Amino acid sequence: MKGEQIPHKMLSQDAFSTWLGIEILECEIGRCRVAMTVRKEMLNSMGKAHGGISYALADTAFGFAANTHGKFAVSIETSINHIEALEEGDYLVAESVIETVKNRLGFNIVEVKRGDELVALFKGVVYRTQKDWE
């Protein structure tokens with residue numbers, strides 16, 4: 001399977017990302033841009049988007065980009081910095097770019113933006129298995 005097709009297959013099998021309303025904007029080998037809109041049921045007790053929402057969007061972009069190399073890839077370490085609070089109706093875009101690929105490990109940085117504003121920065125390490133995407 002071609003690498004840029006893998007994220008589309010992954011999304012079609014991902015009930016959680018589908019529930020979030022995540023859509024794929026662009027994909028190429030080592031890079032993926034995804035987007036979603038914050039909905040009312042995603043808000044916390046303070047009326048702001050739960051931190052897990054931007055985390056989930058970034059994690060999806062991370063996973064999709066990591067798998068474009070054709071091997072099943074799983075995260076082994078991730079973290080996020082929440083820079084700005086998010087509101088209902090915010091349209092978020094997350095872009096994952098693989099910074100370094102070393103055999104079985106991949107290092108990704110994902111920027112989550114609201115328009116041109118950086119609202120979260122996600123970092124992750126991925127482990128590539130030997131299993132090929134078919």
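Atom set for the values below is all heavy atoms of this structure, side chains included, hydrogens, waters and symmetry mates excluded. Remember, predicted model here, so these are calculated numbers, not experimental data.
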Handout entry: Atom NE2 of His50 with >12 non-hydrogen neighbours under 6.0 angstrom
Key = no
Problem - Audit row: Trp133, Met10, side chain to side chain contact (heavy atoms under 4.5 Å, CB included) steps and yes/no - result: CA-CA 10 Å; Trp133 277 97; Met10 292 174 73; 3.4 Å; yes
Exercise for the section: For Ser17 and Thr60, work out which heavy atoms get closest and say how close. Expected result: OG-OG1, 3.0 Å
Exercise for the section: Could you state whether Trp19 and Leu11 fall into the same hydrophobic cluster, counting links through intermediate Ile, Leu, Val, Met, Phe, Trp or Tyr residues with side-chain heavy atoms under 4.5 angstrom apart? Expected result: yes
Problem - Smallest separation among heavy atoms of Ala65 and Asn108, with atom names - result: CB-ND2, 4.2 Å
Practice task
Hey, can you tell me if Phe122 and Tyr55 have their rings parallel, tilted or perpendicular (30° and 60° cut-offs)?
Solution key: perpendicular
Exercise for the section: Check whether any side-chain heavy atom of Glu41 sits under 4.5 Å from a side-chain heavy atom of Leu43, and report yes or no. Expected result: no
Problem - Heavy-atom check, side chain of Ile29 versus side chain of His69, under 4.5 Å - result: yes
Handout entry: Straight-line distance of Asp90 CG to Thr37 OG1, nearest 0.5 Å
Key = 9.0 Å
Fill in the blank from the handout: Rounding to 0.5 Å, atoms OG1 (Thr18) and CE (Met36) come to a distance of 12.0 Å
Problem - Salt bridge Glu88-Arg39, side-chain N to carboxylate O under 4.0 Å - result: no
Practice task
Using a 4.5 Å cut-off on heavy atoms from C-beta on, say whether the side chain of Lys71 contacts that of Lys131.
Solution key: no
Practice task
Can you see which heavy atom on Val112 is nearest to which on Ala94, and at what distance?
Solution key: CG2-CB, 4.1 Å
Practice task
Please list all pairs passing the salt bridge (charged side-chain N to carboxylate O under 4.0 Å, His left out) test where one or both residues lie in residues 7-20, with sequence neighbours left out.
Solution key: none
Exercise for the section: With the side chain counted from C-beta on, respond yes when Leu121 and Glu111 share a heavy-atom pair under 4.5 Å apart, and no when they do not. Expected result: yes
Practice task
Decide yes or no on side chain to side chain contact (heavy atoms under 4.5 Å, CB included) for Ser75 and Phe62, but give the supporting numbers first.
Solution key: CA-CA 9 Å; Ser75 65; Phe62 170 59; 3.4 Å; yes
Exercise for the section: Check each of Glu23, Glu26, Glu28 against Arg33 using the salt bridge (Lys or Arg N to Asp or Glu O under 4.0 Å) test, and report the only one that passes. Expected result: Glu26
Exercise for the section: Could you give me the CA-CA distance, side-chain angles and deciding distance for Asp132 and Phe72, then say whether side chain to side chain contact (heavy atoms under 4.5 Å, CB included) is met? Expected result: CA-CA 6 Å; Asp132 292 320; Phe72 274 50; over 6 Å; no
Practice task
Could you tell me whether the side chain of Ser54 reaches within less than 4.5 Å of the side chain of Leu86, counting heavy atoms only?
Solution key: yes
Fill in the blank from the handout: The reported gap from OH in Tyr127 to CZ in Arg104 (rounded to nearest 0.5 angstrom) is 3.5 Å
Handout entry: Between CD1 on residue Ile98 and CG on residue Leu105, distance to nearest 0.5 Å
Key = 11.5 Å
Exercise for the section: May I ask you to decide if Ala73's main-chain N or O and Asn67's side chain share a donor-acceptor pair within less than 3.5 Å? Expected result: yes
Handout entry: Heavy-atom check, side chain of Ile24 versus side chain of His8, under 4.5 Å
Key = yes
Handout entry: Contact check, side chains of Ile22 and Leu57, non-hydrogen atoms, under 4.5 Å
Key = yes
Handout entry: CD/Glu77: more than 12 non-hydrogen atoms of other groups inside 6.0 Å
Key = no
Handout entry: Approximate separation, where rounding is to 0.5 Å, of Arg31 CZ and Thr68 OG1
Key = 10.5 Å
Practice task
Return the set of residues passing ring-ring contact (aromatic ring centres under 6.0 Å, His included) with Tyr91 (not counting sequence neighbours), or none when no residue passes.
Solution key: none
Exercise for the section: For atom CD of Glu134, decide whether the heavy atoms of other residues, nucleotides or ligands shown that lie under 6.0 angstrom number more than 12. Expected result: no
Practice task
Verify the cluster assignment for Phe64 and Leu25: are they in a single hydrophobic cluster under the rule of side-chain heavy atoms below 4.5 Å apart?
Solution key: no
Practice task
Could you tell me which non-hydrogen atom of Arg114 sits nearest to which non-hydrogen atom of Ala85, and how far apart they are?
Solution key: NH1-O, 3.0 Å
Practice task
For the residue pair Met42 and Leu20, establish whether any side-chain heavy-atom pair is separated by less than 4.5 Å.
Solution key: yes
Problem - Euclidean distance, Ile6 CD1 relative to Lys2 NZ, rounded to 0.5 Å - result: 12.0 Å
Exercise for the section: Is it possible for you to say whether Phe16 and Val34 belong to one hydrophobic cluster, with membership spreading through side-chain heavy-atom contacts below 4.5 Å? Expected result: yes
